[in-house]
Each structure stands twice: as C-alpha cells, then as structure tokens.
There are 4 protein chains.
Amino acid sequence: MPASRTAASESDQGSNVEALPTEPRRPGRPRDAGADEAILTATVELLADGGIAGLSMDLVAKRAGVGKATIYRRWASKEELVLDALKTAPPTIPTPDTGSVRGDLVAWAIALAKRFRDAPANDVLPHLIEAAVFDDRVRESLSAYLHGRQDTVRTILERGVERGELAAADVELVIDVLIAPFLYRRLMTGAPITTSFAKRLVDFVLGRPR
Amino acid sequence: MPASRTAASESDQGSNVEALPTEPRRPGRPRDAGADEAILTATVELLADGGIAGLSMDLVAKRAGVGKATIYRRWASKEELVLDALKTAPPTIPTPDTGSVRGDLVAWAIALAKRFRDAPANDVLPHLIEAAVFDDRVRESLSAYLHGRQDTVRTILERGVERGELAAADVELVIDVLIAPFLYRRLMTGAPITTSFAKRLVDFVLGRPR
Amino acid sequence: MPASRTAASESDQGSNVEALPTEPRRPGRPRDAGADEAILTATVELLADGGIAGLSMDLVAKRAGVGKATIYRRWASKEELVLDALKTAPPTIPTPDTGSVRGDLVAWAIALAKRFRDAPANDVLPHLIEAAVFDDRVRESLSAYLHGRQDTVRTILERGVERGELAAADVELVIDVLIAPFLYRRLMTGAPITTSFAKRLVDFVLGRPR
Amino acid sequence: MPASRTAASESDQGSNVEALPTEPRRPGRPRDAGADEAILTATVELLADGGIAGLSMDLVAKRAGVGKATIYRRWASKEELVLDALKTAPPTIPTPDTGSVRGDLVAWAIALAKRFRDAPANDVLPHLIEAAVFDDRVRESLSAYLHGRQDTVRTILERGVERGELAAADVELVIDVLIAPFLYRRLMTGAPITTSFAKRLVDFVLGRPR
DNA sequence: GATTAACCGAGACGGTACGTCACGTCTTTAA
DNA sequence: TTAAAGACGTGACGTACCGTCTCGGTTAATC
C-alpha cells in the first residue's frame, strides 16, 4: 500500500469475508499503478546516488517517465515521497536470537552501530527531520517509520519479559534510551559510534553484567 | 568572539615572546564592528518569527542594513551564521543545586522537558542537523554548540562523583543517555515530553529510587 | 446547427427526395443533445466574466457538468468552441434605414464605434486571431464569422446601388475600407474610436459631402 | 536604448552640452550591457525559426547564457521582450520617390502587399495583439511600434501636400484607411492580398485616376 | 598629503528548483 | 458508441534563494 495519501484513504483494512459492499470504486480513470512503482523506484535510485541533495522532483519525473503533476497527485511534497520510498526498501536489522536478552541486545546494537558507520547517504533522515517541522504529515510518517524500526528492540525486550529475565518495566522508555543515543551521536554530536559504545550502552541499560 | 571565521584567523593564541602589543593589523579599512552585531541581531529576530524557513540571506542583509557580501565576508554560509546567532542568545538551563545528584538531575530534566514543550517552532536545530551533513564546519560548530549544552549535566555528575554519591563510571555515556531521548522524541518520534517522562528517565539512569 | 464539426456531418441539408424516415442511425449510445447547449452556455458565461483568460477547458467541462472528452468529441479545439459560442449570442448591429446610403452608413458607423468603445474586455477576437495562425480551421471559422458581420454594410451598399445612388463599383473593397480601420484602432494602435472618427470615415469613403 | 523599461527611465534624451548634473547613477552593480544584447539576439533568433510558438523564456535564457531572472529584471513579460526584439531588427519598407503621390503610394502598397504575402512568421503580431489586451505596457509598445511603421505613408502624404498635389486633409485618417485593410485581410478575413488589391486600394483612396 | 588596500551598501549575476497550470489524450465503468 | 470522471505526459510559467561578483565610495595605516 505505497501511495494515495493525498486522496481519501478508502477502505484500509477491509479483509472481512462477508462480501462487504464491494468497495466504493471511484469513477474516472484509475491511477496508473505502474506509475507509483516507477516513481518510487526512481526516487530510491536517485536517493542512493546523491542523497536528498541529488533529488529533485523534475529529475524523479524524468527518470520515472512521468509528469510532475502525476507525482504531486500522489504525494503532497518531496518529503512524503521520500518517506514512502524509504518504506519500500526497508533496511531493518534482523531480530537476533541468542537465547538471552543481553545477547540479543548486544548483537542488535553492534549491527546498528555498524550500519550507522557504513551508511553512505545519511542525509535523508536529517532532511526528513527538518521537513517534519513544517509539515505534520511528514511528522506522522516519520514517526511511524521510526516506530517500525523500534519493533526489533520491542520484540527482544518482550521476549525477555516472557522468559522472566526482565521486569515488565517501562519498555517504551528503554527503547528510547537504547536507540536515541545512536541517532544523537550520528546526527548531532558527531561522536564515534563504535562497537564498544554499543556494548557499553547495552550494559548500562541492563545494569552491569553480573 | 562572534565573527571572522572566514578571514585569516589573526592572533590565534598569540605566543609572541616579546609581548608586542602592536597586533598584526592588516592595512586597509578595518571591518565595521557594528555590522557583526547588526547582522546577528537581524538573524535572531528573523529566526524568532518565521524560523529558518523565513530567513534568507537577502532578508538578513536588508534588515541589518548591510550588503550581502559583508555577511559572507564574516560567515561562510547561512548555517554558520545561524549557529553564531544561537550562541548570542544562549538559553542554557541553570545548574540546579539541591544537594543530591538525583535531585539535581530531576530538576534539570524537568526544566529541559518544559523548555522542549514550550519551544515555539524549533526548526533551527533540525535545519542545522541537515546542513551539518554537507558541511564539516557546520558539523563542528554544531557539535561544539551541543557540547556546551551538555556541561550542565556534566557538572552535576562530577559533583556527585566528588561527593562519593556516584561511581566515576562512564560519564560521557550517561550524558548521552540523559540528553539523547529528549531530542529523539522532540525531533523524530514526536512522542510527548512530559514531566513524568523526565522523572522516569532520571530514575532509570540512576537506578530505581529506594 | 452549432455542433458536430468533428464527427461526420450527417444529413447536411437533407435533400432526400423520398423522405425516408429511416436515418442512418449509427449504433451505440447517441450523443446527448443537451450537452451541446450546456457546453456553449458555460462557455459564454465564462467568456463574459474573465474573457479568454478565465476560460479553460477543464472549467467549461466542470461548469457544464460534462466530461472534457465530450467537448473534444464535438469541437476540435478551444478556439472552435469559442467561435461557436460567439455565434450563439450574435451582437450584430441592426441595419439602419434612413433613406440614403450616407445616412445609413453614418448611423451604422456610429453604432459600431459605440460598440467598440463599450466592449468590456474584448480579448476574444485577439485570441482568435492568434489561434488562427496555427489552425486553419479556426482561420476559416473566424473568416466566416467576420464575413457575417460584414453583411450589414453590404446590404446598405447594395441598396444604394439599386437606388442609383452609388456606382456598382468595388463593393468588397469598400467594405474592407469601412470596417478595417475600426479593428485596426481597436486592436492595434489603440487610437480612440470616436463618433467624429466614424463620421469622418464615412465621409471620406463616400467623398466629401456636398 | 533597448532595455530598462522595468526600472525608472532616467534621463531619456539629455544630450545637452552644458554639463547637466551628470546623471544620478544608481548604486549597486550596474546591469550588464552585454546581457541586453545577448538576450535580444537570442530572442530574434528563436523568433526567426519557430515564431512565438518556439520561444520560451527558458530557451531564451539558455541560449543567451543568462539566468531567467536577468531577463525578468529587464522586461516584465515575454511580450515586452519580443517587442523590443522586433525594434532591434526593423523591417521597414523604404520610402519610394517616384515624383508623384500616386506613384509613391502604389509602390509602397505593392511592396507592403508582397511583404505580407511572404512573411514567414506572422504569428508574432497576432500574439502581441492578444497580449496587449492584458498588459497596458504591451499595448503602448505595440502602438508605438505600429506608429513607427506608419511614418513612411505619412512622409509620402506630406510631401504631396507640400507639392500641392493633395489637400492637407485628414492625414491620420488616410493613413488608417491605407494600412488597416492590409492587416484586416492578413489577420482576420484571410482574404488574399494581391498586387491588384494594393493598386485598387490606393486608387480608391486618392479618387479614381484621371 | 598621497597612496594603497581592504572595507562598505547596493544590487545584478548564473544557476537551480520549486509547485501550478492548461493543453489535448487516454482509460475506467455505466448507460 | 457515448457518457462523466479524472488521470496521463508535456512543457512553460514566474518566483525564490543561493553564493558570487561588480560598481562607486569610504576609511584607515603606510609611504
């Protein structure tokens, strides 16, 4: 469900078996589904080489073989388009399973640290953060996007709670505390994000190792 | 020391043995000292109403009654100017002194939470974050700026270490963990930054209250 | 007979001797006769307030409650539609009858001058003139439209010839000479079109009054 | 004096010898005189092949090696630019001198008829006529441009008056009557503009040949 | 006192992207 | 086959801002 955030969001999850009124089906020529894909693909490609800086709507349109108006019919702004493009190719970190919460979190944190170190075009997130200030839609999309990325940690923590390894404490807070420092260093202070940093962070959050 | 980052850095640490008071003093008309102030003032004002979005170099120049070249002679880019403008009006949170580390941190955290909630249109930091991606000088300035804001926490923590309340452990990490979640919520997830959140964060970092 | 210039010209002057009522009657849904009228009405209205500038095919379609394709099925271009719309509300000047050629022409010329002075925003003719350059069909329609407007003068002149007031000379040339200066001033030089101008023009064409 | 119709028209004909106040000389970087020329040249060229239809501001800018803003700083619209470009290459008809008014006018009229028949890109005048409706500046420029073209006829007529060949009658009216029919046929009715037509027109205006 | 060099305000410069608009065509489902 | 609805590719529009450059003129320290 990549697009149509501009148009009404018609029938989002209706997977009921009972023969619902068969969808409204608006009149007129339907949107070209291929265009969605072409546009998103073009966006992802341009984002890959050149980042946000190398991405203009004219370029996206040209590469996708599409009119600019066709883009603006589907996405209200460059940023909403980019957010959708990012969802298209989600580089989520796989959920590790080492048997212990500590092991899982360390594995996840090290992978995340590596990703932050390697990421070539980390200008996208900063740009979106800026855009979110001016546009609530972007704000929401960005928020949703990040929440998605938090799920790995949530899974690990909840698994630990089930196993009795962890008190069912303030999971949301822990998630923030685990993720925020990575972004803080990456985007703001510029401090290095080493493997050691990742380990120390996990240790700090779980309490010193026994 | 607001200006002259573009021009030669005249008298960097002045290690001349003879203690000459003469200064290098380049020939030609000296820079107008008033211009620095006028420019920064104009920048701060425009930033106040309209944020980064309502700030263009043409506008700053016009409002400061100054040529654009005069600005670029002193600051290399819009972002460096903005960073200097922010330093001009430093809204640091005063270091509390309640007698205990926990008390100090809670007081500080609640004040910080309030500030984040009240901040009118905090689009400046996001913009700088974005700009830092493309310009290392902005990156450095931003980093320095944030480190300055961390000093309050550092002071509190070191005071605690001296008093023996705290292990001299990983102060820098703790600082990150205390500050990062605020910015993470503010800029990225958009999650609310309540007083309760501030308290829980401090409690989590120091270990549960006994 | 306002429409169907694009489609086959079905039954042009209906001279079938046998009076067959059968009609060719093509298969499929017949054209909605009301649509012609709705479209022309919408066009005239939009032309009235806003002139050609405020007239887009999308607007006409919306106001007529009609699909754009329905318009293009009947008229080949915006300009042909406009030309038909103009014919719909023909603002011809009534043929005066004062008993003498000079009297008739003066009356006609003064009325025409008044019309040119009063015309609110005569941007339609200029637009058609421009469009005619690129499209021969518009050219022809425009030509026919103007010839229609010349008929008043032709009637007056021919009446004069019959009465023996006038030599049967170069009627077409005289028509041009009588009409062209009005349009020349109106559209090109912008010179004023006064009652005096109208009279002097007629006098000049007929020879000085005795 | 090709450009600066947007800016104040400062000191138009001041060729007085007596050391006038040396011109105001506005502050700031002066307009690049070369740009005027480059832009006009590009416009003329693009007009030559492609007419108004093949002329877009982006194209002019690119060909002139100039930013679009530089054009809009000098001319308020595409049409004003085109008018100036036309003045640059004025295709006036040379004033004939055959010894008699009738001879001169016939020669002029035949030449004009030929020009109208040959003119390849007669889409410019129609376009300007249309543009003049919306923009008084264009209206004035167009009017001035046409008045310039009328001078040939005026010269011929006045010469005739001096020689006593002609009554000092209504020269302006005669000019209109001589020129308007050409444009009327060319732009509106589309009637042919033959040599015969030219001769008959002159004969009609001067009275039948004796 | 003259020279010199860096400064000053003003504003024009080339470039790039923006988001909008209208054109005339095409593609749906329904009548 | 026509209808309404509306999406489609194209391409121009005029604006805004960037950071640089160019004027004539000013303001010191040096010659």
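Hydrogens, waters and symmetry mates play no part in the numbers below; they use all other heavy atoms, side chains included. Just so it is clear, the model here is predicted, and its values are computed rather than measured. Here is the naming used below: chain letters follow the sequence lines, and residue numbers restart at 1 for every chain.
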Report the distance from atom CG of C/Asp135 to atom P of E/dC23, rounded to the nearest whole Å. 15 Å
Do you know which two heavy atoms are closest between A/Ala42 and A/Val60, and how far apart they sit? CB-O, 4.0 Å
Grab the CD1-P distance between D/Ile52 and F/dC13 for me, whole Å please. 10 Å
Provide the closest heavy-atom pair for B/Ser141 versus B/Leu83 in the form atom of the first, atom of the second, distance. CB-CD1, 3.2 Å
To the nearest angstrom, how far is D/Ile39 atom CD1 from E/dA12 atom P? 13 Å
Does the side chain of D/Arg31 get closer than 4.0 angstrom to OP1 or OP2 of E/dG11 through an N or O atom? no
Taking CZ from C/Phe134 and C1' from E/dC23, how many angstroms apart are they, rounded to a whole number? 14 Å
Report the C-alpha separation of C/Leu46 and C/Arg63 in whole Å, then their side-chain angles, then the decisive distance to 0.1 Å, and conclude whether the side chain to side chain contact (heavy atoms under 4.5 Å, CB included) test is met. CA-CA 9 Å; C/Leu46 287 171; C/Arg63 182 182 276 241; 3.8 Å; yes
Round to a whole Å and report the spacing from CZ of B/Arg63 to P of E/dG9. 17 Å
Tell me whether the side-chain N/O atoms of A/Arg29 come closer than 4.0 Å to OP1 or OP2 in F/dC8. no
Can you tell me which nucleotide in E/dC18, F/dC18, E/dC26 comes closest to the side chain of B/Ser56? F/dC18
Toward the 5' end of DNA chain E, which comes first, A/Leu59 or B/Asp32, by nearest nucleotide? B/Asp32
For side chain to side chain contact (heavy atoms under 4.5 Å, CB included), just list the numbers for B/Leu81 and B/Met57, CA-CA rounded to whole Å, side-chain angles, deciding distance to a tenth of an Å, and then say yes or no. CA-CA 10 Å; B/Leu81 169 59; B/Met57 296 306 260; 4.1 Å; yes
Between C/Ala64 and A/Ile71, name the one whose nearest nucleotide on DNA chain F is closer to the 5' end. C/Ala64
In whole angstrom, give the distance that lies between atom CZ of D/Arg74 and atom P of E/dA12. 9 Å
Stepwise, does the salt bridge (Lys or Arg N to Asp or Glu O under 4.0 Å) test hold for A/Arg31 with A/Asp36? CA-CA 9 Å; A/Arg31 299 241 171 112; A/Asp36 281 328; over 6 Å; no
Is any side-chain N or O of C/Arg73 closer than 4.0 Å to OP1 or OP2 of E/dC26? no
From CG of A/Leu46 over to C1' of E/dT16, roughly how many Å is that when rounded to an integer? 16 Å
Measure CH2/D/Trp75 against P/E/dA12 and give the value in whole Å, please. 14 Å
Considering non-hydrogen atoms only, spot the tightest contact between D/Ile129 and C/Pro126 and give its length. CG2-CB, 3.8 Å
Considering all heavy atoms of both residues, which atom of D/Leu55 and which atom of D/Lys78 are nearest to each other, and what is their separation? O-NZ, 3.1 Å
State whether B/Thr70 places a side-chain N or O below 4.0 Å from either non-bridging phosphate oxygen (OP1 or OP2) of E/dG9. yes
With the criterion being N/O to N/O and under 3.5 Å, what pairs connect the protein with nucleotides 19-21 of chain E, and how long is each?
| residue | atom | partner | partner atom | Å |
| --- | --- | --- | --- | --- |
| E/dG19 | OP2 | A/Tyr72 | OH | 2.2 |
| E/dG19 | O5' | A/Tyr72 | OH | 3.3 |
| E/dG19 | N7 | A/Lys68 | NZ | 2.8 |
| E/dG19 | O6 | A/Lys68 | NZ | 3.0 |

